[in-house]
A.B. asks: 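One structure is given below, represented as structure tokens, and several questions about it will come after.
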Amino acid sequence: MVSPAGLAALMDFTRRTLIGSGLAAAGAITLPGLSGPARAVPRRGGSIRVAMQSSSTADTLDPAKGAMATDYVRHFCLYSGLTRMEGDLRPRPFLAQSIESADRITWHVDLRRGVRFADGRELTSADVVHSLQRHLDPKLGSKVASIAKQFADVRTDGRHGVIIRLTGANADLPAILSQSHFLIVPAGEDKPTGNGSGPFRLADFRPGVRTVVTRNTEYWRNGEPYLDRIEIIAIPDEIGRVNALLAGDVQLIIAVQPLSTRRIERSAQHGILTTPSPLYTDLVMRQTELPTGNRDFVAAVKHLIDRPLIKRALFRGYATIGNDQPIPPFHPYFNPAVPQTVLDIDRAKWHVARSGLKGVRLPIYCSPAAAGSVDMASVLQEYGAQAGLEFAVNRMPADGYWSTHWMKHPMSFGNTNPRPTADLVFSQFFRSDAEWNESGWKNPRFDMLLTEARAEADEARRKELYGEMQRLVHDQCGVAIPVFINMLDGHDRRLKGMTAIPLGGLMGYRFAEYAWWDA
């Protein structure tokens, strides 16, 4: 755990916002289940094959266009970013040796010296300016174009300095820049080819087939990486991925389902890496429609959700109990003072009677596309009948679910991947004018707090603001979040050095730099 002094150093933004060497040395906050004995000394050498869940002809070498886990893993192999997020969900400097701001609007970046791209060119401020500004070009099709709109001006400040001026104050800029989409590519490369400053170099790239990378012997981080070669393939079927792991055809797989963990755990040669994460499947009750726009109806439904049962039966314990707001208990901004909603049939009956909706029949749209939603709907249907609500479970195929059914009915299920900051998940899914405001909830007080928190430099005050926002979502929003789902990766036990980073599977998609093979 971080010492009190170290934690204070992490949160001391009262005079100015600073990310520098002091933060990098502050230590990491331990997540549940991640403590353990001291690590063995890494060995260099070895080649592994990794099976992802998807690949297509749209696979890309351009970080700005990354759209799936396979892209993110590939990009983190080849490129480096200005900052990076670690297991405590706080940013650390990376290509930037420091990022400073007095007002959270104008940021000064000081780059590391001596960093080189795979073709031998030295990293300079021009590369950073090019990499950030290109997201603003609508022809590029950047996946983070909406986020990059806050870049009012990005310019060089000497050979190793960059000045970033935002359209408004945002204390989360260092965390935002840690996303794979903002990895740095060389100036002048409008169509990146894999020429990055990352731990590996590109050896073979065939979209929809495979990616092969080999160790970058001139990587700027001393001693890393350890593996000589990584081959990345895709096996869409989860059972097929597990079979390939157990047969020794691959040494690492992503997205293991809870029911498959027993097969892997029975093998003395294989193990499971469990990552507590902010990933969740949520029940969406549209506030713009009836009866889901009725506050008593929403309250009744939230008290009909058996969260421990969902955790135990649907996810075999590989989950964290949720409380109808998107910040998990292990997040630095989590508000433990928000009362935990529990299964309470009598209270649900009271809300149903008060709403005048007893006997109402309503379809719930669910799909395998939203993990666990089909079983969650069935559980809700059973408890709903006890409270006087008749739910019809409409199971839709995964193909086309997000475009045809999600947010298109009074009740449907969503699924939200981890975001690197509280601001991003609140801004994208709960702000009144957000494109993905699933329930159509509008709350001026929430919107005001969100804007204030984004600009707030004092961490204690920021936590208060996010805490109130969690309470508002919990009490008033038409979204129920039963659990946060752990991410599960399967691996050959000879593959060492991997820990959990709760931003995605495979160490937040960055395993390649840390993993080593114990021959």
Side-chain angles (χ1 to χ4, degrees), residues 50-85 91 94-95 117-118 127-128 130-149 151 175-186 189-202 204-213 230-234 236 252 254-255 277-279 402 415-421 424-425 428 435-436 487 489 501-513:
V50 183
M52 307 298 292
Q53 70 267 56
S54 58
S55 184
S56 74
T57 55
D59 289 352
T60 178
L61 293 174
D62 190 340
K65 297 182 178 181
M68 59 182 68
T70 311
D71 290 328
Y72 308 150
V73 167
R74 180 186 310 110
H75 297 157
F76 277 123
C77 283
L78 300 173
Y79 306 97
S80 297
L82 292 174
T83 62
R84 72 185 332 173
M85 295 283 276
F94 207 53
L95 288 180
F117 291 102
D127 303 306
V128 175
H130 167 73
S131 297
L132 298 186
Q133 286 184 335
R134 64 194 300 264
H135 295 281
L136 300 173
D137 182 357
K139 296 180 181 178
L140 175 64
S142 169
K143 300 299 182 182
V144 291
S146 60
I147 298 174
K149 287 181 180 178
F151 299 155
I176 290 171
L177 293 176
S178 71
Q179 296 181 85
S180 66
H181 300 90
F182 289 112
L183 295 171
I184 303 303
V185 301
E189 287 197 7
D190 296 325
K191 296 182 179 180
T193 60
N195 177 29
S197 60
F200 288 84
R201 295 184 175 185
L202 187 65
D204 185 28
F205 175 57
R206 283 181 273 172
V209 181
R210 71 170 189 166
T211 301
V212 177
V213 296
I230 299 175
E231 180 180 357
I232 304 167
I233 63 172
L252 180 62
I254 197 172
S277 83
L279 169 68
W402 299 113
N415 184 262
T416 298
N417 288 320
R419 262 54 180 180
T421 69
L424 279 177
V425 70
Q428 292 180 315
E435 181 180 359
W436 295 337
M487 295 183 173
D489 304 316
I501 297 178
L503 293 173
L506 307 181
M507 294 188 69
Y509 313 113
R510 295 196 343 243
F511 78 94
E513 185 168 350

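Quick caveat, the model's predicted, so the values are computed rather than measured.
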A.B. asks: Walk me through whether His75 and Tyr509 qualify under ring pair (Phe, Tyr, Trp, His ring centres under 6.0 Å).
C.D. replies: CA-CA 9 Å; His75 297 157; Tyr509 313 113; over 10 Å; no

A.B. asks: Please round to the nearest 0.5 Å and tell me the distance separating atom NZ of Lys149 and atom CG of Leu136.
C.D. replies: 9.5 Å

A.B. asks: Could you report the tightest heavy-atom contact between Ile232 and Met52, atom names first, then the distance?
C.D. replies: CG2-CG, 3.7 Å

A.B. asks: Without swapping roles, check the side chain of Thr57 against the backbone of Gly208 for a donor-acceptor pair under 3.5 Å.
C.D. replies: no

A.B. asks: How many angstroms lie between atom SG of Cys77 and atom CZ of Phe511, to the nearest 0.5 angstrom?
C.D. replies: 5.5 Å

A.B. asks: Looking at every heavy atom in both Leu95 and Ile184, which two are closest together, and how far apart are they?
C.D. replies: CD1-CG1, 3.8 Å

A.B. asks: Would you say Arg419's side chain and Asn417's backbone share a donor-acceptor pair under 3.5 angstrom?
C.D. replies: yes

A.B. asks: For residues Ile176 and Phe182, report the shortest heavy-atom separation together with the two atoms involved.
C.D. replies: O-CD1, 3.3 Å

A.B. asks: So do Gln179 and Ile147 actually touch side chain to side chain, heavy atoms under 4.5 Å?
C.D. replies: yes

A.B. asks: Please check this pair: side chain of Ser178 against backbone of Thr83, looking for a donor-acceptor N/O pair closer than 3.5 Å.
C.D. replies: no

A.B. asks: Go through the steps to decide whether Phe200 and Val212 satisfy the test side chain to side chain contact (heavy atoms under 4.5 Å, CB included), and finish with yes or no.
C.D. replies: CA-CA 10 Å; Phe200 288 84; Val212 177; over 6 Å; no

A.B. asks: Do Phe205 and Thr193 have side chains that get closer than 4.5 Å, going by heavy atoms?
C.D. replies: no

A.B. asks: Within a strict 4.5 Å, meaning less than it, do heavy atoms of the Val73 and Val50 side chains meet?
C.D. replies: no

A.B. asks: Just verifying a value: how many Å separate Leu78 CG and Ser180 OG, rounded to the nearest 0.5 Å?
C.D. replies: 12.0 Å

A.B. asks: List the atom of Arg510, the atom of Ile501, and the distance in Å for their closest heavy-atom pair.
C.D. replies: NH2-CD1, 3.7 Å

A.B. asks: Once you round to the nearest 0.5 Å, how far does CD of Glu189 lie from CZ of Phe117?
C.D. replies: 8.0 Å

A.B. asks: Leu140 versus Lys65: any side-chain heavy-atom pair under 4.5 Å?
C.D. replies: yes

A.B. asks: Please say which of Arg74, Arg134, Lys143 ends up in a salt bridge (Lys or Arg N to Asp or Glu O under 4.0 Å) with Asp62.
C.D. replies: Arg134

A.B. asks: Strictly distance-based, threshold 3.5 Å: is any side-chain N or O of Tyr79 a donor or acceptor partner for the main-chain N or O of Gly194?
C.D. replies: yes

A.B. asks: Are Glu435 and Ser146 packed together at the side-chain level, in the sense that at least one heavy-atom pair is separated by less than 4.5 angstrom?
C.D. replies: no

A.B. asks: Just how far is it from atom CD1 of Ile230 to atom CZ of Arg210, taken to the nearest 0.5 Å?
C.D. replies: 13.5 Å

A.B. asks: Report the distance from atom CG of Asn415 to atom CH2 of Trp402, rounding to the nearest 0.5 Å.
C.D. replies: 5.0 Å

A.B. asks: So which atom in Leu177 and which in Phe151 form the shortest heavy-atom distance, rounded to 0.1 Å?
C.D. replies: CD2-CZ, 4.2 Å

A.B. asks: Less than 4.5 Å apart, any side-chain heavy atom of Ser55 and any of Ile233?
C.D. replies: no

A.B. asks: Going by heavy atoms in the side chains, are Asp59 and Arg206 under 4.5 Å from each other?
C.D. replies: no

A.B. asks: Quick one: are Ser131 and Val128 in side-chain contact, heavy atoms under 4.5 Å?
C.D. replies: no

A.B. asks: Any idea which heavy atoms bring Gly66 and His181 closest together, and the distance?
C.D. replies: O-NE2, 2.8 Å

